[in-house]
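Reckoned from all heavy atoms, side chains included, excluding hydrogens, waters and symmetry mates.
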Amino acid sequence: MSILITGSAGFIGSALCLRLLERGDKIIGIDNHNDYYDPLLKELRVERYLNNSNYTHLRIDLNDRSAIENAFSKYKPQKVVNLAAQAGVRYSIENPYVYINSNIVGFLNILEGCRYHKIKHLVYASSSSVYGANTLMPFSVSHNVDHPLSLYAATKKSNELMAHTYSHLYNLPTTGLRFFTVYGPWGRPDMALFQFTKSILEDKKIDVFNFGKHRRDFTYIDDIVEGVIRVLDKPASSDISWSSKKPNPGRSKAPWSIYNIGRNHPVDLMDYISALEKALGKKAKINMLPLQPGDVPDTFADVEDLVKSFNYKPKTSIEEGVVKFVNWYLKYLKLQK
């Protein structure tokens, strides 16, 4: 199978590339290697598979329309996984324009490429942040998501709507995956686990927002990748229900689906920190702060539809996942030197 993966130097994208290459797929990776965080980490991720004969790496930007068109025309992928996006809830408040360029214009270019090149299945990253002000737990794909609390969340909701339009108009199979707080080795430096680990080891205080009263459905990277692959291998079709709990009678017959991928087990932020302290053998110095703009207090994934359609549910415990991250991070420090 020839698969185009955007964000191939990113956290999830690089892990997905490795897994698909291991099973013999041909991968065309796209990444712009921007400096939102240290580009060295992206380079090190890609080094793991850059010399694989089944891998082609393209350093282009999603909002470069002609470059994306050329990639589709030249390499003729059969399926596409769109993971490239400007991430981060808080950063979207500081720099909103980059979210529109990458997450909206860039996604449109991918949709157009899929449309004209008859792609068999487009799988794209959405986010648990689309649930916004929703307080009904666990979050279900049948819930209303019309009240995002950040521009990042709004762009992800927009991606779902854009994908549905292309599925409806051009019979393009699309599946959106709402990821829930992904963590693990090779993760992003702007995420809590990376920042906490770095600060604890350096005897610095860690900033804990909402006075530690967050609950997150933390999902380990390997579980996310397994879910993506299972979904990728089974294109969306109109007979997949909008929700096993509450089907939407107004839904079109387009080959379009949305799924949550989360562990279905929210963890108190302070328990997450305790697991990290145990893995490091060192106590954290904590700086308690109020809730940040754009943040939601809790997330909790209803994965009933994922189980029903793919017989799959993430299973890695926080304790196991955090230890794996710490072991990787200590090795990563040596790579930086």
For N134, what residues pass the side chain to side chain contact (heavy atoms under 4.5 Å, CB included) criterion, not counting sequence neighbours? Y131, L136, F139, H143

Decide yes or no on side-chain contact (heavy atoms from CB on, under 4.5 Å) for H121 and D233, but give the supporting numbers first. CA-CA 9 Å; H121 191 193; D233 288 344; over 6 Å; no

Can you establish whether the number of heavy atoms outside K324 located under 6.0 Å from its atom NZ is more than 12? yes

So how far is it from L18 CG to R45 CZ, rounded to the nearest 0.5 Å? 11.5 Å

So, the side chain of N70 versus the backbone of S66: is there a donor-acceptor pair under 3.5 Å, distance only? yes

Charged N to carboxylate O under 4.0 angstrom, K198 versus E202? yes

Just by distance, with hydrogens left out, do N101 and N63 show a side-chain donor and acceptor under 3.5 Å apart? no

Between R19 and E226, does any side-chain N to carboxylate O distance fall below 4.0 Å? yes

ILVMFWY cluster membership beyond V105 - transitive side-chain contacts under 4.5 angstrom: none

Can you spot which of I261, N260, L232 makes a side chain to side chain contact (heavy atoms under 4.5 Å, CB included) with L177? I261

Without swapping roles, check the side chain of H147 against the backbone of G132 for a donor-acceptor pair under 3.5 Å. no

Decide side-chain contact (heavy atoms from CB on, under 4.5 Å) for I286 and M270; before the verdict, give the C-alpha distance in whole Å, the side-chain angles of both, and the deciding distance to 0.1 Å. CA-CA 10 Å; I286 297 175; M270 299 310 296; 3.6 Å; yes

Would you indicate whether the side-chain heavy atoms of F179 and V228 approach each other to under 4.5 Å? yes

The reported gap from NZ in K76 to CD1 in I28 (rounded to nearest 0.5 angstrom) is 11.0 Å

Are L108 and L161 co-members of a hydrophobic cluster defined by side-chain heavy atoms under 4.5 Å apart? no

Within the 3.5 Å criterion, strictly below it, is a donor on T299 or D217 matched to an acceptor on the partner's side chain? no

Salt bridge check, E43 against R59: does any charged N sit closer than 4.0 Å to a carboxylate O? yes

For the pair Y183 and Y272, name the ring-plane relationship: parallel under 30°, tilted 30 to 60°, perpendicular over 60°. perpendicular

Does the side-chain hydrogen bond (donor to acceptor under 3.5 Å, both in side chains) test come out yes or no for D31 and S8, once each step is laid out? CA-CA 6 Å; D31 203 291; S8 60; 4.8 Å; no

C17 side, atom SG; H57 side, atom NE2 - distance, nearest 0.5 Å: 9.0 Å

Looking only at heavy atoms, which two atoms of L151 and S92 are closest? And how far apart? N-OG, 3.8 Å

Treating D302 as the side-chain partner and P138 as the backbone partner, does any N or O pair qualify as donor plus acceptor under 3.5 Å? no

Less than 3.5 Å apart, any donor N or O on the side chain of E69 or Y116 sitting next to an acceptor on the other? no

Between W328 and Y332, what is the ring plane arrangement, given parallel below 30°, perpendicular above 60°, and tilted in between? parallel

When the ring planes of Y124 and F107 are compared, do they come out parallel, tilted or perpendicular, using 30° and 60° as the limits? tilted

Would the distance check show the side chain of D223 and the main-chain N or O of K315 forming a donor-acceptor pair, the cut-off being under 3.5 Å? yes

Mind telling me whether H164 and H168 have parallel, tilted or perpendicular rings, with 30° and 60° as the class edges? parallel

Can you tell me how far the OG atom of S167 sits from the CH2 atom of W256, to the nearest 0.5 Å? 8.5 Å

Checking R216 side chain against P266 main chain: does a donor-acceptor pair fall under 3.5 Å? no

Spell out, yes or no, whether F194 and V267 are grouped together once hydrophobic residues are joined by side-chain heavy atoms under 4.5 Å, including indirect joins. yes

OG1 on T174 to CD1 on I119, rounded to 0.5 Å: 13.0 Å

Nearest heavy-atom neighbours spanning V130 and R178: CG2-NE, 3.5 Å

Going by side chain to side chain donor-acceptor pair (under 3.5 Å), name the residues that satisfy it together with N159, two or more places apart in sequence or in a different chain. none

Should M288 and I200 be counted in the same cluster of Ile, Leu, Val, Met, Phe, Trp and Tyr side chains packed under 4.5 Å apart? yes

If you define the side chain from C-beta out and look only at heavy atoms, does anything of M162 sit under 4.5 Å from L111? yes

With a 4.5 Å limit on heavy-atom distance, are the side chains of K285 and D203 in contact? yes

Do the charged groups of K156 and E160 touch, with an N to O distance under 4.0 Å? no

Would you call E304-K308 a salt bridge at under 4.0 Å N-O? no

More than 12 heavy atoms from other groups under 6.0 Å of CZ on R115: yes

Hey, is D25 close enough to R23 for a salt bridge, meaning N to O under 4.0 Å? yes

For Y259 and T175, does a side-chain donor sit closer than 3.5 Å to a side-chain acceptor? no

Greater than 12 external heavy atoms within 6.0 Å of K205's NZ: no

To the nearest 0.5 angstrom, please state how far the CG atom of N32 sits from the CD1 atom of I60. 9.5 Å

Return the minimal non-hydrogen interatomic distance between V231 and L306, and the atom names on each side. CG2-CD1, 4.4 Å

Any chance you could lay out the side-chain contact (heavy atoms from CB on, under 4.5 Å) test for T6 and L62, step after step, and finish with the verdict? CA-CA 8 Å; T6 72; L62 281 195; 3.9 Å; yes

Indicate the atoms forming the closest heavy-atom contact of Q195 with D190, along with that distance. NE2-O, 3.5 Å

Tightest non-hydrogen contact, residues I104 and S158, listed as CD1-CB, 3.6 Å

If you define the side chain from C-beta out and look only at heavy atoms, does anything of T219 sit under 4.5 Å from T181? no

What are the two closest non-hydrogen atoms of R230 and F310, and how far apart are they? NH1-O, 3.2 Å

Test item: K120 side-chain N/O and V80 main-chain N/O as donor-acceptor pair under 3.5 Å: no

Evaluate the ring planes of H117 and F72, with Trp represented by its six-membered ring, and classify them as parallel (under 30°), tilted (30 to 60°) or perpendicular (over 60°). parallel

How far apart are the C-alpha atoms of R263 and Y220, what are their side-chain angles, what is the distance that settles it, and do they pass the side-chain contact (heavy atoms from CB on, under 4.5 Å) test? CA-CA 8 Å; R263 189 166 172 255; Y220 188 65; over 6 Å; no

Return yes if some donor-acceptor pair links the side-chain N/O of D35 with the main-chain N/O of Y37 below 3.5 Å, else return no. no

Heavy-atom distance under 4.5 Å between the side chains of P185 and Y329, does that happen here? no

Is it possible for you to say whether L333 and F11 belong to one hydrophobic cluster, with membership spreading through side-chain heavy-atom contacts below 4.5 Å? yes

Hydrophobic cluster membership, with links at side-chain heavy-atom distances under 4.5 Å among I/L/V/M/F/W/Y: are Y99 and M191 in one? no

Would you find a donor on one side and an acceptor on the other, under 3.5 Å apart, between the side chain of E277 and the backbone of K282? no

Do R215 and D268 sit within salt-bridge range, that is, some charged N less than 4.0 Å from a carboxylate O? yes

Ignoring hydrogens and geometry, is there a side-chain-to-backbone donor-acceptor pair from N103 to Q86 under 3.5 Å? yes

